[in-house]
Amino acid sequence: MAEYHPQELDRKWQAHWAATRAFEVTEDPSKPKFYCLEMFAYPSGHAHVGHVRNYIIGDIVARLKRLQGFNVLHPFGWDAFGLPAENAAIKLGIHPETSTLGNIAHMKGQLQRLGISYAWERELATCLPDYYRWNQWLFTRMFEKGLAYRRRSTVNWCPVDNTVLANEQVIDDGVCWRCGTRVVQKDLEQWFFKITHYADDLLHSAEGLSKWPEKVLTMQRNWIGRSEGARVRFPIQGIGDSIEVFTTRIDTIFGATFMMLAPEHGLVTTFAKESENEQAFLEKAQRFRAQDRSGRMTGEVQKEGFFTGRFAINPFTNLPIPIWVANYVLGEYGTGAVMGVPAHDDRDREFAVKYDLPIKDVVKSTSGEAVGATTEGSVVFNSGKYDGLSCEDAQRAITKEAAERGIGYGTVQFRLKDWGISRQRYWGTPIPMIHCPVDGIVPVPDDQLPVELPKVAEFTGRGDSPLASIPEFVNVKCPKCGGPARRETDTMDTFVDSSWYFYRFADAHNDQLPFDPKKVAYWAPVDFYSGGIEHAILHLIYSRFFSRVFHDLGMIDHKEPFTHLLTQGMVLKDGAVMSKSKGNVVDPDSMLQKYGADALRLYVMFVAPPEKEVEWSDSGLEGSFRFLARVWRIADQWRDAATAAGKTAIDHAALSGAERALRRKAHDTIKRVTMDLDVRQQMNTAVSAMMELVNELYAFTEKGERSAQAPRVAREAIESVIVMLSPFAPHTMEELWQRYGHADGINGARWPGFDAEVAKAEELEIPVQVNGKLRAVVRVPPSISDAALQQIALADANVQTHIAGKTPKKVVIVKGKLVSVVV
RNA sequence: GCCGGGGUGGCGAAACUGGCAGACGCACAGGACUUAAAAUCCUGAGAGGGUCACCCCCUCGUGCGGGUUCGAUUCCCGCCCCCGGCACCA
């Protein structure tokens, strides 16, 4: 009897897979392709079981698809740029490259010890020049197309990390997403990607992402935030200028009794100059701006404002209305100015009541009552010739008039903003631009790429871009005029790196282009993508943006990069997400030493559906180990007889009852597991189905009557389990497969098929209800007629008791399912 | 406030199209094996009750209250609670 020693099997088969390059692939047009990908990893140093769950999920899918005959691309890489490495350099004096490459080596070892079937030859790390040069290449393409541009803008500045943060990186109450410090405002020249160019497409194409979680799509829709409305210009009384507002409620424009500017609005300084006390005016506006990110987002801040001294003319009533500066008007949304309609907007009402501004009702319900902010079943009044129109009709008609008069137009406004990508940091992709006093901004020519990161020795943590303090880096010749010029010293947001790495995997070593379009055409889009829900907006919108950019560059023919998205649930320990600081991290390596890789893999798949959060349980892991040992033992017990029995056809009719039952269970299990994995994506129930079959095998071995064909039937059942379980427990199953006489390795095996006839039950157990309550279960052959079934059901003693001599009013028979008697 | 997802035994969960609620596992209990224990194999178990010698039988039970239906964890209406996201976007 062979003992089950999983650690030995882990070593043996991992060495075998590496030696035979078992998971390396090339394009093969004769086979259907499957691109299986897990979100690549930030090399923090150590992966805990919360991280590895994702890789295990992906590996189950990859191995399953291989068994089903697909040519499977399953690569892995490293999101290797980023702040933590640079912060460590400042603190500990270790160069980011040293720590990053060290962390990568360690984590790669962890993944290999789990037996994840990656095509390691395609491994990439974004911090290496042969990757980030293509960020730079793409940046210059986007610059040429006007998709990358520079502008001065107010940015979120983290005083601890000394860097600009994207709006998306400012979380909760206006704090830095990494360090939790309160963000302040600062004006800087910044590079932007024009993601808003694709806002409508990103929104509408989301409808077609049928295999994405609804939750993610909703988050993206909210993020893009499309609003239909109109822009209208209000002339300023006394000067030739005007103020443009955006509104979704132009039907209420006759009720606009004041106007508000965001504190950032360009006219604020103009109005300040003509005020009595310019200094005080500007200070008040400045105070509002400071509230901006911090207080304003929590809703704690009260609505506040002050009168500018100027009036605008409502172009529809022709009445003058006061222009105020208000703290609740956002500078970066719409035009930074809004019309105040206190009767039909809750916020404006609050403001008007506070400052005693006039309130004029212009919308009422069809029955004449006051309506607040609703449009449904409402009509406008007090609105001149538009009186009596529904809100929707009034919107159309008033927009039309505004357009005809040349003072406005219907438009669509998005909440989505262009993506600021400049970072004043060292450990990122240098932005490939040169500032020339003669030629202005000049892109670095392709043949001078990559712009390599210099190996600076000192990290001071000062606020400036570290690259700015390296003269050899900064001082260059202008590519156009050859004169002295300065290099751009900012680096790119690391989300740039992760927005297209999945295409690079299709052609990871190309040194002419980011990828060969033909290779990407074969592999892309990604068929199965899994990762954390925390990337629902940022990474997954940016990637959709980049795929559109590549599409418009003519390099790919699809627009959506990920066909099927799975957001895996976190693994909790003691009710909390695992983290080093909480000290509740479960280290996969210690689990591997105790139970082997397969038990861990099986456990995380069995404990719950993949998208669900789970609480870590040592005894649950032990249970999975017990199951694998059980499979091992039953396979070992039958091995000699089963392999001797060969693979001759089974004479089903000649089997004993117990053998037929086992065979039925085996075929039914294949059916269930195939459905669960393929159609329903429910790995946990697939595992429990296999557990049932193994239990049945034990019962059969213990006491089933056997014919000469018993070993043949056992072999069929056991080999089915070996193959179906191999994605979950590849090391153990490879070993058993070999022990059952297969020299070719389980990679060469085929997913088992099932015989629907054999899988069918020989006898059905039909529940019988009387007045909706279960009263009996009758055993009948599947071929039974309704009439015969009814007769048997009614003949049952307990059924008779509950019918109590009455005549059934109705008998419902659902074929193969149940009999329901109504009396 | 708005949007999304949930609420089923002691615990993780399952129930596919409206058809035997709780598969499978964990923990627990009992038995076999053992000098003993561990491991292993087998058995039991939603709660309550009846007959209790057994086979069985009955009532209740999927957050709460209604409804549709022969029949509801599943569909409809109205609530409660939990988790996640968004939140002055005009």
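So you know, we letter chains A, B, ... as the sequences are listed, proteins then strands, and number each from 1. These values consider heavy atoms only, across backbone and side chains, with no hydrogens, waters or symmetry-generated copies.
In summary, the side chains of Asp348(A) and Tyr328(A) do present a donor paired with an acceptor at a separation below 3.5 Å, with no hydrogens or angles considered. Under the 3.5 Å distance criterion, with hydrogens and angles disregarded, a donor-acceptor pair is assigned to the side chains of Trp638(A) and Thr701(A). A donor-acceptor pair shorter than 3.5 Å can be found between the side chains of Thr732(A) and Tyr4(A). Between the side chains of Asp251(A) and Gln395(A), at least one donor-acceptor pair of N or O atoms lies under 3.5 Å. With hydrogens and angles left out, the side-chain atoms of Asn222(A) and Arg415(A) include no donor and acceptor closer than 3.5 Å.
If you take CD of Gln568(A) and P of G5(B), they are 20 Å apart, rounded to a whole angstrom. Rounded to an integer number of Å, the gap from CZ of Arg415(A) to P of C2(B) is 18 Å. In this structure, the CZ atom of Arg249(A) is 12 Å from the P atom of A90(B), given to the nearest Å. Per the geometry, NZ belonging to Lys303(A) stands 11 Å off C1' belonging to A90(B), to the nearest Å. Spacing between atom CD of Glu613(A) and atom C1' of G7(B) amounts to 15 Å, rounded to whole angstrom units. As rounded to whole Å, 12 Å separates atom P of A90(B) from atom CE of Met339(A). In this structure, the CD atom of Glu214(A) is 15 Å from the C1' atom of G84(B), given to the nearest Å. One interatomic measurement links the two molecules: CE of Met219(A) to C1' of G5(B), which rounds to 12 Å at whole-angstrom precision.
Comparing atom distances between the Arg633(A) side chain and each of G4(B), U40(B), A13(B) picks out U40(B) as nearest. Here U59(B) is the nucleotide among C41(B), U59(B), A90(B) with the atom lying nearest to any side-chain atom of Lys773(A). Among C70(B), G4(B), A90(B), the nucleotide with an atom closest to any side-chain atom of Leu330(A) is A90(B).
With a cut-off of 3.5 Å on both Watson-Crick or G-U wobble distances, the partner of C55(B) is given as none. Base pairing of G4(B): its partner is C83(B), meeting the Watson-Crick or G-U wobble criterion (both donor-acceptor distances under 3.5 Å). Pair assignment for C75(B): G67(B), on the basis of Watson-Crick or G-U wobble contacts that are both within less than 3.5 Å. Base pairing analysis places G10(B) opposite C26(B); the two distances defining the Watson-Crick or G-U wobble pair are each below 3.5 Å.
Looking at which nucleotide of RNA chain B each of Pro609(A) and His802(A) is closest to, the 5′-most match is held by Pro609(A). Of the residues near RNA chain B, Lys612(A) and Ala699(A), the one whose nearest nucleotide (by heavy atom distance) lies more toward the 5' end is Lys612(A).
Ion pairing of Glu207(A) with Arg221(A) is present here, as a side-chain N (NZ or NE/NH1/NH2) and a carboxylate O approach within less than 4.0 Å. Using a 4.0 Å cut-off between charged side-chain N and carboxylate O, Lys665(A) and Glu696(A) make no salt bridge.
Atom C1' of U74(B) sits at a distance of 12 Å from the matching atom of C16(B), rounded to the whole Å. The C1' atoms of G22(B) and G12(B) are separated by 13 Å, rounded to the nearest whole Å. Taking the C1' atom of each, C52(B) and U69(B) are spaced 38 Å apart, rounded to whole Å. A gap of 16 Å separates the P atoms of G25(B) and A15(B), to the nearest Å. Look at the P atom in both U8(B) and C82(B): the space between them is 14 Å, to the nearest Å. Nucleotides G19(B) and C33(B) place their P atoms 46 Å apart, quoted to the nearest Å. Taking atom P on both nucleotides, G4(B) is separated from C26(B) by 38 Å, rounded to a whole Å. Across the C1' atoms, G18(B) and U62(B) are found 15 Å apart, a figure rounded to whole Å.
A sub-4.0 Å separation between OP1 or OP2 of G5(B) and a side-chain N or O of Lys215(A) is absent. Not one side-chain nitrogen or oxygen of Gln220(A) sits closer than 4.0 Å to the OP1 or OP2 atom of G85(B). Close to C42(B), at under 4.0 Å from its OP1 or OP2, lies no side-chain N or O of Tyr698(A).
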So Phe627(A) and Tyr603(A), side-chain contact (heavy atoms from CB on, under 4.5 Å) or not? Walk me through it.
-> CA-CA 10 Å; Phe627(A) 171 67; Tyr603(A) 168 66; over 6 Å; no
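The side-chain heavy atoms of Ile533(A) and Val216(A), taken from C-beta on, include a pair separated by under 4.5 Å.
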Between the protein and nucleotides 16-26 of chain B, which nitrogen or oxygen pairs are less than 3.5 angstrom apart?
unit_1 : atom_1 : unit_2    : atom_2 : d
C16(B) : O4'    : Arg680(A) : NH1    : 3.3
G19(B) : N2     : Gln769(A) : OE1    : 3.1
A23(B) : O2'    : Glu692(A) : OE2    : 2.9
G25(B) : OP1    : Asn695(A) : ND2    : 3.2
C26(B) : OP1    : Arg626(A) : NE     : 3.2
C26(B) : OP1    : Arg626(A) : NH2    : 2.7
C26(B) : O2'    : Ser619(A) : OG     : 3.0

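Across all strands shown, Asn798(A) has heavy atoms under 4.0 Å from sugar-phosphate atoms exclusively, and none from any base. When heavy atoms are screened at a 4.0 angstrom cut-off, Val338(A) is found touching base atoms of the nucleic acid. Arg775(A) comes within 4.0 angstrom of sugar-phosphate atoms only, judged by non-hydrogen atoms across all strands, and of no base.
Classification of G85(B) as anti follows from a glycosidic angle more than 90° from 0.
Under the 6.0 Å cut-off for aromatic ring centres, Trp419(A) and Tyr542(A) qualify, their centroids lying closer than that.
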